Amino acid sequence: MGSAEYAYLDLSDLDINGKYAKKTTEQVGGSHYKNKKIEPIDYIIANGLNFCEGNVIKYITRYKEKGGVEDLKKAKQYIDFIIAKLELKGV
């Protein structure tokens with residue numbers, strides 16, 4: 001997950017529907033998500049997003065505090081990956 005890694009809790013943290021029920025409490029490798037109402041990893045897990053979708057959320061969420069335009073370019077690249085995959089499927 002790049003330079004920011006998280007302290008994950010075990011499978012007992014899933015609710016009866018298999019959704020992640022607890023908020024991640026520890027961010028290792030920076031503080032660029034600390035002022036957010038929900039950390040990207042919690043949103044990503046709770047909504048079952050795939051790798052590319054999750055990275056879009058991650059980079060869009062942090063660009064002001066961390067990577068600036070570079071993070072926006074990364075988000076755009078992952079959006080382009082998602083679009084290309086859908087176009088290959090004819091969606």
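No experiment lies behind these values; they were computed from the predicted model shown. Both backbone and side-chain heavy atoms feed into the values below; hydrogens, waters and symmetry mates do not.
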**Message:** If you compare all heavy atoms of Val56 against all heavy atoms of Ala75, which two are closest, and at what distance to 0.1 Å?
**Reply:**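 Nearest pair, atom of Val56 first, then Ala75: CG2-O, 3.8 Å.
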**Message:** Give me the atom names and distance for the closest heavy-atom approach of Gly54 to Leu49.
**Reply:**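 Heavy atoms of Gly54 and Leu49 come nearest at N-CB, 4.1 Å.
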**Asked** Looking at side-chain heavy atoms only, is the closest gap between Lys85 and Ile82 below 4.5 Å?
**Response** no
**Prompt:** What orientation do Tyr78 and Tyr59 show, parallel under 30°, tilted 30 to 60°, or perpendicular over 60°?
**Reply:** parallel
**Item:** Gly67 backbone acceptor or donor facing Glu70 side chain under 3.5 Å
**Value:**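 Not confirmed, Glu70 side chain does not pair with Gly67 backbone.
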**Message:** Between Asn47 (side chain only) and Tyr43 (backbone N and O only), is there a donor and an acceptor less than 3.5 Å apart?
**Reply:**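 Looks like yes, one N/O pair under 3.5 Å.
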Nearest 0.5 angstrom please: [X] [atom1] to [Y] [atom2], how far?
{"X": "Lys73", "Y": "Asp80", "atom1": "NZ", "atom2": "CG", "value": "13.0 Å"}
{"X": "Leu72", "Y": "Lys64", "atom1": "CG", "atom2": "NZ", "value": "9.5 Å"}
{"X": "Cys52", "Y": "Ile57", "atom1": "SG", "atom2": "CD1", "value": "12.5 Å"}
{"X": "Ile79", "Y": "Lys74", "atom1": "CD1", "atom2": "NZ", "value": "14.5 Å"}
{"X": "Glu53", "Y": "Lys58", "atom1": "CD", "atom2": "NZ", "value": "14.0 Å"}

**Prompt:** What about Phe81 and Leu88, same hydrophobic cluster or not, with Ile/Leu/Val/Met/Phe/Trp/Tyr joined at side-chain heavy-atom distances under 4.5 Å?
**Reply:**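 No, Phe81 and Leu88 fall in different hydrophobic clusters.
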**Prompt:** Got a salt bridge between Asp71 and Arg62, using NZ or NE/NH1/NH2 to carboxylate O under 4.0 Å?
**Reply:** yes
